[in-house]
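Here is the structure we will look at.
Chain letters run A, B, ... following the sequence lines, proteins first, then strands; residues in each count from 1.
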2 protein chains.
Amino acid sequence: MLRSASIKDVANHARVAVGTVSNVLNNPDRVSPRTKDRVLQAIEELGFVRNDAARQLRAGHSRTIGLIVLDVGNPFFTAVARAAEDAAALHGSAVLLGDSGHDAGRESGYIDLFQEQRVQGLLISPVGDVEERLDQLRERGVPTVLVDRLADDASYSSVSVNDVEGGFLAARHLLDIGRRRLAFVTGPTSVRQFADRLEGARRAVADVSGASLEVVESDGQTVLAGRGMGDQLVGRSADKIPDGIFCANDLLALGVMQSLAMTHTFRIPEDVALIGYDDIDFAVSAVVPLSSIRQPTEAIGRTAIELLAEELDETHPRHRAVVFTPELVVRQSTAGAAV
Amino acid sequence: MLRSASIKDVANHARVAVGTVSNVLNNPDRVSPRTKDRVLQAIEELGFVRNDAARQLRAGHSRTIGLIVLDVGNPFFTAVARAAEDAAALHGSAVLLGDSGHDAGRESGYIDLFQEQRVQGLLISPVGDVEERLDQLRERGVPTVLVDRLADDASYSSVSVNDVEGGFLAARHLLDIGRRRLAFVTGPTSVRQFADRLEGARRAVADVSGASLEVVESDGQTVLAGRGMGDQLVGRSADKIPDGIFCANDLLALGVMQSLAMTHTFRIPEDVALIGYDDIDFAVSAVVPLSSIRQPTEAIGRTAIELLAEELDETHPRHRAVVFTPELVVRQSTAGAAV
DNA sequence: CTGATTCTTTGAATCGTTTCATTGTTACGA
DNA sequence: TCGTAACAATGAAACGATTCAAAGAATCAG
């Protein structure tokens with residue numbers, strides 16, 4: 001078990017000073033071609049690999065960016081993460097991915113970890129009350145960009161999608177196709193995104209007389225949770241069943257759909273129209289292809305990195321809040337049955 | 001923009017030696033309660049956070065484990081990754097996730113990155129020809145465990161699932177329900193897993209006289225690639241259409257299903273029975289709930305970490321190859337139509 | 001009160017890289 | 001041949017945590 005070769009070993013082997021080896025690696029133009037060749041050959045022969053810890057220690061910070069998402073099991077977040085990784089790679093940084101799983105404790109654990117790792121900056125979809133932590137990070141020179149969440153004040157940059165608008169679009173679409181007894185199936189409304197989508201849905205419903213909106217809340221936001229809530233809906237007496245269901249995300253919608261499909265009592269969309277949120281790749285291949293509200297995942301991830309880069313470049317950055325507009329995607333789960 | 005407080009700052013503030021601060025953090029019992037309190041208070045007041053780079057530099061290795069998967073867009077791999085993260089957390093390590101995207105170049109890039117980071121060990125689903133790199137890593141004391149891939153020789157530990165068996169199960173199931181003109185829709189057969197599944201399918205077909213197996217190969221393995229191949233199948237003259245399709249993974253299967261569903265010419269499973277592989281969460285909520293071959297993702301991730309832990313503990317570890325057995329899950333896409 | 005023993009605390013050395021002031025070398029015009 | 005740039009190479013210092021031999025303090029038996 002060899003100890004890895006260090007820059008000093010390389011220097012000895014090539015009969016140059018350590019500073020020269022460092023220059024070959026970081027400022028190749030400053031080194032004469034002959035010396036450079038000798039050093040490169042030594043590197044090759046010894047199989048030298050830079051020690052990133054030492055480099056970071058000297059530099060005072062790493063070349064990594066931390067990203068904390070709410071749920072890696074949700075394709076929406078993996079899509080955002082991939083876009084962020086690609087964009088970060090262009091800036092020469094790597095992205096460390098942390099999954100809070102909607103848990104404030106885990107979230108806090110990742111913030112600790114990233115802080116110990118001296119990440120350059122942090123992208124986060126916050127769960128808990130992290131303002132204070134983030135302020136503290138910023139004082140230490142670690143900027144944060146909020147992802148999928150509008151910054152409350154102007155002290156943070158953020159990338160978000162207008163969830164109120166999205167909720168409005170979804171509910172109005174259900175109303176447009178003649179549904180009046182709507183249900184909003186959601187995870188905890190303490191999650192800002194869900195609360196906003198509900199808010200939007202409420203507005204749409206308020207515009208139409210005779211329309212009602214029931215809120216069905218669960219503590220999960222997975223396919224399984226959706227199935228549970230679907231079962232609950234299906235078990236009701238017929239006159240209590242909504243004719244339009246808007247789910248706070250596609251996972252919930254797919255779960256509800258499974259449940260409806262399993263009991264063959266209700267047809268989608270004839271008896272119950274169903275719309276989700278996020279437009280994940282799997283929405284289109286659902287039992288009944290799922291209508292949804294599309295969010296521009298690629299742009300979200302890319303923009304988050306760009307905003308972070310701005311904060312890193314400037315000494316007194318102006319914080320920006322970029323808000324994207326969601327888009328209605330109509331598929332079979334709400335098709336046909338127009339008024 | 002404050003420089004973060006260092007252990008030395010804490011020491012000054014608490015009027016003790018740096019070694020004492022270090023002991024408070026790492027060997028609390030060696031420090032008298034009074035001193036400990038003073039140090040802890042100083043840490044609190046200065047908002048001290050350990051610098052992981054310095055710690056690693058001294059220790060010679062990090063507390064991280066690298067995991068390189070073939071495709072984070074595939075829920076199979078995210079499920080394995082999550083299990084690995086949970087298991088690693090129990091050992092006090094964090095997992096860095098890299099996505100090679102079936103690209104040998106990106107794979108190599110992540111190996112470089114992880115090597116620079118001095119990860120404790122590496123879990124990898126290899127794409128390219130990485131044996132040599134891995135041998136080199138091991139010489140440096142960085143053990144590797146192969147994931148979702150049986151080790152060729154006994155020099156590596158590995159966790160895999162018997163893909164030949166899985167392919168056999170899938171194809172035999174199609175044969176059992178009376179299908180004879182089978183097609184294997186797959187990504188590149190240079191991917192070991194796909195090649196093995198094909199091998200298994202071939203064996204099953206060879207057992208039944210009058211049965212045939214056509215291989216439809218694409219260079220992708222996503223939902224989109226599946227759709228492309230589905231379109232190609234659907235465009236054929238009716239007598240050239242297979243009556244049983246086995247897809248090398250569920251993403252391909254969902255794509256093929258979309259394509260079949262869009263042209264309303266063929267019914268699933270009556271005209272064409274369809275089975276996928278991996279049994280991802282979304283399989284059950286597909287247009288037609290998808291039959292599949294289930295792999296124990298949780299056990300794979302957990303076992304990978306355990307094998308790695310064994311390699312790290314022992315000086316001359318015995319390498320172990322753990323092989324799980326896949327399981328047939330029958331749903332509607334192949335149901336009914338028994339002979 | 002002494003010497004032995006245990007418990008605390010100290011601080012210099014170390015890890016591997018980068019930086020930068022300094023020294024050494026080369027080339028060229030005068 | 002000399003002086004002066006321009007260019008190359010050097011190596012000590014610094015980053016921040018951990019380690020460990022050694023010194024110092026406290027305790028206790030005799």
Side-chain angles (χ1 to χ4, degrees), chain A residues 2-40 42-43 46-64 92 112-113 115-120 140-141, chain B residues 2-40 42-43 46-63 112-113 115-120 140-141:
Chain A
L2 260 51
R3 182 182 57 86
S4 304
S6 79
I7 212 175
K8 198 185 276 179
D9 299 325
V10 174
N12 288 337
H13 198 260
R15 304 181 167 280
V16 296
V18 290
T20 304
V21 178
S22 177
N23 277 331
V24 169
L25 295 170
N26 304 302
N27 307 85
D29 335 338
R30 283 194 208 154
V31 184
S32 75
R34 274 190 32 180
T35 328
K36 184 157 49 179
D37 284 350
R38 248 190 13 258
V39 171
L40 289 175
I43 287 178
L46 298 178
F48 165 77
V49 176
R50 254 204 198 79
N51 183 326
D52 204 50
R55 194 226 282 258
Q56 276 186 44
L57 175 56
R58 186 64 235 257
H61 61 89
S62 67
R63 291 170 3 263
T64 14
D112 288 345
L113 180 66
Q115 199 173 354
E116 286 191 10
Q117 309 246 26
R118 299 291 190 273
V119 294
Q120 290 182 290
R140 304 271 162 72
Chain B
L2 259 52
R3 181 181 59 83
S4 305
S6 78
I7 210 174
K8 198 186 274 179
D9 300 325
V10 174
N12 288 337
H13 199 262
R15 308 183 164 277
V16 296
V18 290
T20 304
V21 178
S22 177
N23 277 332
V24 170
L25 296 169
N26 305 299
N27 307 87
D29 335 340
R30 284 197 207 151
V31 184
S32 75
R34 273 191 32 181
T35 327
K36 183 157 48 180
D37 284 350
R38 247 193 11 260
V39 171
L40 289 175
I43 288 178
L46 298 178
F48 165 77
V49 176
R50 255 204 197 79
N51 183 325
D52 204 51
R55 195 227 281 260
Q56 276 185 46
L57 176 57
R58 186 67 236 259
H61 63 90
S62 67
R63 289 167 7 260
D112 287 345
L113 180 66
Q115 200 173 354
E116 286 191 9
Q117 308 245 27
R118 299 292 191 271
V119 294
Q120 291 183 289
R140 304 272 163 70

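Taking the nucleotide of DNA chain C with the nearest heavy atom to each of A:Leu25 and B:Val31, the more 5' of the two is matched to B:Val31. Looking at which nucleotide of DNA chain C each of A:Arg30 and A:Asp52 is closest to, the 5′-most match is held by A:Asp52.
Proximity of A:Arg50 to A:Asn26: side-chain heavy atoms (C-beta onward) are separated by under 4.5 Å at one or more points. Using a 4.5 Å cut-off on side-chain heavy atoms (C-beta onward), B:Val39 and B:Val31 make no contact. Considering only heavy atoms from C-beta on, A:Asn51 stays 4.5 Å or farther from A:Ser6 through its side chain.
Between D:dA9 and A:Thr20, no contact under 4.0 Å exists linking OP1 or OP2 to a side-chain N or O. Between B:Ser32 and C:dT9 there is a side-chain N or O to OP1 or OP2 distance below 4.0 Å. Under 4.0 angstrom from either OP1 or OP2 of C:dT17 there lies no side-chain N or O belonging to A:Asn51. Using a 4.0 Å cut-off, no side-chain N or O of B:Arg50 falls inside it from OP1 or OP2 of D:dA17.
Formation of a donor-acceptor pair under 3.5 Å by the A:Arg118 side chain with backbone atoms of A:Ser62 is not found in this model.
Base contact: A:Gly19 has a heavy atom under 4.0 Å from a base atom. A:Ser6 comes within 4.0 angstrom of sugar-phosphate atoms only, judged by non-hydrogen atoms across all strands, and of no base.
Between the base of D:dT18 and the side chain of B:Arg58 there is a donor-acceptor pair shorter than 3.5 Å.
Listed nucleotides: C:dT10, C:dT9, D:dG16. Nearest to the side chain of B:Ala54: D:dG16.
Straight-line distance from the CG atom of B:Asn23 to the P atom of D:dA17: 14 Å, rounded to whole Å. Atom CZ in A:Arg118 sits roughly 11 Å away from atom C1' in D:dC15 (whole-Å rounding). Following rounding to the nearest Å, B:Arg55 (CZ) and D:dC15 (C1') show an atom-to-atom distance of 17 Å. As rounded to whole Å, 16 Å separates atom P of C:dT17 from atom CG of A:Asn27. Distance NZ (A:Lys36) to C1' (D:dA9): 14 Å, rounded to an integer number of Å. Atoms CD (B:Gln56) and P (C:dT17) sit 13 Å apart, rounded to a whole Å. As a whole-Å value, the separation of A:Arg34 CZ from D:dC7 C1' is 15 Å. Protein atom CZ of A:Arg63 is 13 Å distant from nucleotide atom P of C:dT17, rounded to whole Å.
A salt bridge links A:Arg55 to A:Asp52: at least one charged side-chain nitrogen sits closer than 4.0 Å to a carboxylate oxygen.
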